[in-house]
Amino acid sequence: MNLPAHTWGILLASVIVFVMSFRIRNVKLQYALIFLAGAGIRLAFATTVELLNTWDEQYHAVVAKHMSEHPFHPTLYDQHVLSYDYTDWSSNGVWLHKPPFYLWLMAISIKLFGTSALAVRIPSIVISGIIPVALLSISRRLASPSAGWWAAGIWIFNPMSILLATGRYPTDHNDLIFTGCITLSLWAWK
């Protein structure tokens, strides 16, 4: 694999942090290390491509950028050159292609970190780091600590979850945020 040196460094550090989390007895520190391992791997791959992908990600980024200026009016085009049919969702002035929650998260990230591909991906990276923590906690309650480590490890090193968090798969960020919301709702349900 032809990856930049910083990517290999982040990947190696994430794997080491994940292995270290087995040895720590403090549960809060374990959760922090699991979060760092999950988010670190996604950050490593998110920084390898500096451009947005040419499917859903680029459209969602434009809508999120516009939502950073007007949060309750999602638009793909702010200035409409041609007339549009307000009854057709695919050619309307308001972009209602996906639910707005993940677009709001992207808009906040763009507002905080500027307009870049990494800023668009930060909410997915953070949620993708939180998911293994929730899986570890859920599995510990339902089964055993070793089941929790397996669940967290499978999520952290799962190629599909990495592709979703880094925008390399169509329907990327909305699917990952939706998965995170479901996982967190299961975690909150005791």
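Predicted, not measured: the structure shown is a model, and the values here were computed from it.
- In terms of modelled atom types and a separation under 3.5 Å, the side chain of Ser161 and the main chain of Trp155 share a donor-acceptor contact.
- The backbone N or O of Ala165 lies less than 3.5 Å from no partner atom in the side chain of Arg42, so there is not a single donor-acceptor pair.
- The closest side-chain heavy-atom distance from Leu43 to Thr47 is below 4.5 Å.
- When all heavy atoms are compared, the tightest approach of Trp149 to Phe18 is O-CZ, 4.1 Å.
- Across Leu136 and Pro145, no two heavy atoms sit closer than the pair CD1-O, 4.4 Å.
- A heavy-atom distance below 4.5 Å is found between the side chains of Ile41 and Leu11.
- Between the side chain of Arg168 and the backbone N or O of Ile162 there is no donor-acceptor pair closer than 3.5 Å.
- In this structure the side chain of Phe113 never reaches within 4.5 angstrom of the side chain of Leu118, judged on heavy atoms.
- Applying the 6.0 Å contact sphere to OH of Tyr59 captures no more than 12 heavy atoms from other residues, nucleotides or ligands.
- Leu164 approaches Asp175 most closely through the heavy-atom pair CD2-CB, 4.5 Å.
- Heavy atoms only, all atoms of each residue included: Ser139 and Ala151 are closest at OG-CB, 3.5 Å.
- You'll find the side chain of Val120 reaches within 4.5 Å of the side chain of Ile110, heavy atoms only.
- Crowding of Phe101 atom CZ: a count of heavy atoms from other residues, nucleotides or ligands under 6.0 Å not exceeding 12.
- Residue Val17 comes nearest to Leu33 through the heavy atom pair CG1-O, 3.2 Å, listed as atom of the first residue, atom of the second, then distance.
- Put simply, the side chain of Ile156 reaches to within 4.5 Å of the side chain of Ile34, judged on heavy atoms.
- Residues Pro132 and Ser128 come closest through the heavy atom pair CD-O, 3.1 Å.
- The shortest distance between side-chain heavy atoms of His173 and Met106 falls below 4.5 Å.
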